[in-house]
Visitor: 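One structure, pasted below without further comment.
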Amino acid sequence: MQDLPRALPLQGASNFRDLGGYRGHGGRALRWRRVFRSDHLAALTPQDLDQLQALGVARAVDFRGEAERAAQAYALPGVACHPLTIEPTVVQRAQELLRAGHPLSAQDAVGLMQETYLAFVDANAPRFAGLFRLLLESDAPLVFHCTAGKDRTGFAAALLLLALGVPREVVMQDYLLTNTYYRPPTGLASAAPREVLQVLWGVQEDFLDAALHRVDAQYGGITTYLEDVLGVDAAARAELAARYLQAA
């Protein structure tokens, strides 16, 4: 299949992207229109829903926390929703520092984001393992998302692409596309300086690098991490490749 548009122009989601086309094991490309990543899906229009139906999206994996899901709930016709709860922490930590009178700098915000990504690797590993189980159960088109589709979703996309043999520099390029496509919500009142908000509402190489360096240093690399922590052994990786990579 020829290359297709990576970002889908939905009115109610700005960061809805196809992971197809990236080259994995043996130079085989990821199949288009099988796996998507996105920001939250609660604001989709009827026209957006028609697009999802045309794409055959049958499953949605929701990494948002409980309060996030309650505040922006959704139900998509014909789509099974699978909550894999990862509670957000960085905004709460930032608010706590501000309430304590700590002047939050952009570097502080970077540090908070890096701490969040380290928690993805360790404390939140069971939720990412859950995504792999769903991917292995069926190859019905699936979208995974959080609120902005950048951090929880970004780490999940990185894990999947790495498991399929996509080079790390390409994984980083996909991760950074959030800065091109994501539209932060407007009208949010915040005491944080503008440069801090720019950190919190975007992505930087430093964020994902923190997580991947933890994987390398603590677990001996992505393959060992996939096997020992996420339960994605060689047989599972071969099955993922068969499902989601084009034939050689």
Side-chain angles (χ1 to χ4, degrees), residues 1 4-22 24 29-66 68-70 72-87 120 124-164 166 174-175 178 181 226 230-232 236-246:
M1 182 183 289
L4 297 173
R6 183 161 306 286
L8 281 80
L10 302 180
Q11 294 176 324
S14 64
N15 202 12
F16 194 106
R17 303 180 346 234
D18 194 328
L19 289 179
Y22 293 124
L30 269 74
R31 298 179 188 275
W32 289 96
R33 303 311 192 233
R34 294 293 181 88
V35 184
F36 304 89
R37 52 172 295 176
S38 183
D39 49 343
H40 77 80
L41 306 175
L44 297 183
T45 66
Q47 292 78 17
D48 294 338
L49 295 176
D50 288 344
Q51 280 205 60
L52 261 61
Q53 185 175 30
L55 292 168
V57 173
R59 302 179 290 167
V61 175
D62 189 347
F63 288 120
R64 294 179 300 169
E66 292 183 4
E68 293 172 286
R69 283 202 301 272
Q72 294 179 309
Y74 69 84
L76 306 180
V79 178
C81 188
H82 302 274
L84 294 174
T85 303
I86 300 176
E87 294 295 344
F120 293 162
N124 298 126
R127 266 61 74 189
F128 297 109
L131 172 64
F132 279 102
R133 286 194 296 272
L134 288 166
L135 290 167
L136 287 162
E137 284 177 6
S138 163
D139 61 358
L142 174 149
V143 56
F144 56 89
H145 74 91
C146 51
T147 292
K150 69 185 190 73
D151 301 314
R152 292 163 287 192
T153 296
F155 186 60
L159 289 175
L160 175 57
L161 293 175
L162 290 168
L164 290 170
V166 177
D174 176 78
Y175 171 76
T178 281
Y181 293 112
L226 288 166
L230 301 186
V232 184
R237 295 195 302 278
E239 178 64 23
L240 285 170
R243 287 180 184 271
Y244 297 104
L245 296 180
Q246 294 176 9

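Heavy-atom basis, side chains included; hydrogens, waters and symmetry copies ignored. If you read the sequence from its start, that first residue is 1, and numbering goes on from there. Since the structure is predicted, the reported quantities are computational estimates derived from the model, not experimental observations.
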Visitor: Which pair of non-hydrogen atoms, one from L230 and one from L159, has the smallest distance, and what is that distance?
Guide: CD1-CD1, 3.9 Å

Visitor: Kindly give the heavy-atom pair with the smallest separation between T178 and R17, and that separation in Å.
Guide: OG1-NH1, 3.2 Å

Visitor: Would a distance-only check, ignoring hydrogens and angles, find a side-chain to backbone donor-acceptor pair under 3.5 Å from R237 to L226?
Guide: no

Visitor: Could you state the interatomic distance from OG (S38) to CG (L10), rounded to the nearest 0.5 Å?
Guide: 7.0 Å

Visitor: Would you please name every residue forming a side-chain contact (heavy atoms from CB on, under 4.5 Å) with A80, sequence neighbours left out?
Guide: H82

Visitor: Taking only residues two or more places apart in sequence, or in another chain, which ones meet A156 in a side-chain contact (heavy atoms from CB on, under 4.5 Å)?
Guide: F63, F128, L131, F144

Visitor: Short question: side chain of R33, backbone of P141 - any donor-acceptor pair under 3.5 Å?
Guide: no

Visitor: For a 4.5 angstrom cut-off between non-hydrogen side-chain atoms, does Q51 reach L8?
Guide: yes

Visitor: Do the side chains of V166 and L30 get nearer than 4.5 Å, heavy atoms only?
Guide: yes

Visitor: Would you name the heavy atoms of L4 and W32 that are closest together and state the gap between them?
Guide: O-CH2, 3.1 Å

Visitor: As an exercise, state the distance from CD of E68 to OG1 of T147, rounded to the nearest 0.5 Å.
Guide: 3.5 Å

Visitor: Shortest non-hydrogen contact from A163 to L240?
Guide: CB-CD1, 4.5 Å

Visitor: Looking at Y181, is its backbone amide N or carbonyl O close enough to the side chain of N15 to form a donor-acceptor pair, meaning the two atoms are under 3.5 Å apart?
Guide: no

Visitor: For R127, enumerate each residue passing the salt bridge (charged side-chain N to carboxylate O under 4.0 Å, His left out) test, keeping only those at least two apart in sequence or located in another chain.
Guide: none

Visitor: Counting N and O atoms only, with roles assigned by atom type, does the side chain of R59 sit under 3.5 Å from a partner on the main chain of C81, one being a donor and the other an acceptor?
Guide: no

Visitor: Holding to side-chain hydrogen bond (donor to acceptor under 3.5 Å, both in side chains), I want the full list of residues that pass it with T153, two or more places apart in sequence or in another chain.
Guide: none

Visitor: I'd like to know if the side chain of R152 and the backbone of I86 have a donor-acceptor N/O pair within less than 3.5 Å.
Guide: yes

Visitor: What are the two closest heavy atoms between L135 and Y244, and how far apart are they?
Guide: O-OH, 2.8 Å

Visitor: Quick one: salt bridge (charged side-chain N to carboxylate O under 4.0 Å, His left out) pairs with a partner in residues 37-46, sequence neighbours left out?
Guide: R37-D174

Visitor: Dump the intermediate steps for side chain to side chain contact (heavy atoms under 4.5 Å, CB included) on V143 and V61, then the final yes or no.
Guide: CA-CA 6 Å; V143 56; V61 175; over 6 Å; no

Visitor: Distance check, rounded to the nearest 0.5 Å: L41 atom CG versus D62 atom CG?
Guide: 7.5 Å

Visitor: Who passes side-chain contact (heavy atoms from CB on, under 4.5 Å) against A73, sequence neighbours left out?
Guide: none

Visitor: T85 and R69: side-chain donor and acceptor closer than 3.5 Å?
Guide: yes

Visitor: Roughly how far, to the nearest 0.5 Å, is the CG atom of L55 from the CZ atom of R34?
Guide: 12.5 Å

Visitor: Tell me every residue that passes ring-ring contact (aromatic ring centres under 6.0 Å, His included) with H145, counting only those two or more places apart in sequence or in another chain.
Guide: Y74

Visitor: Identify, with sequence neighbours excluded, every residue that meets side-chain contact (heavy atoms from CB on, under 4.5 Å) alongside E137.
Guide: L134

Visitor: So do F36 and V57 actually touch side chain to side chain, heavy atoms under 4.5 Å?
Guide: yes

Visitor: Could you work out, with side-chain hydrogen bond (donor to acceptor under 3.5 Å, both in side chains) as the rule, every residue matching T45, not counting sequence neighbours?
Guide: Q11, Q47, D48

Visitor: Atom CG in L19, atom CZ in R31: separation rounded to 0.5 Å?
Guide: 14.5 Å

Visitor: Which residues pass the side-chain hydrogen bond (donor to acceptor under 3.5 Å, both in side chains) test with R133, not counting sequence neighbours?
Guide: none

Visitor: Apply side-chain hydrogen bond (donor to acceptor under 3.5 Å, both in side chains) to R6 and list each qualifying residue two or more places apart in sequence or on a separate chain.
Guide: Y22

Visitor: Please name all residues satisfying salt bridge (charged side-chain N to carboxylate O under 4.0 Å, His left out) with E87, sequence neighbours left out, ordered by chain then number.
Guide: none

Visitor: Just do the side chain to side chain contact (heavy atoms under 4.5 Å, CB included) check on F155 and N124 with the steps written out, would you?
Guide: CA-CA 11 Å; F155 186 60; N124 298 126; over 6 Å; no

Visitor: Looking at every heavy atom in both A13 and L44, which two are closest together, and how far apart are they?
Guide: CB-CD2, 3.9 Å

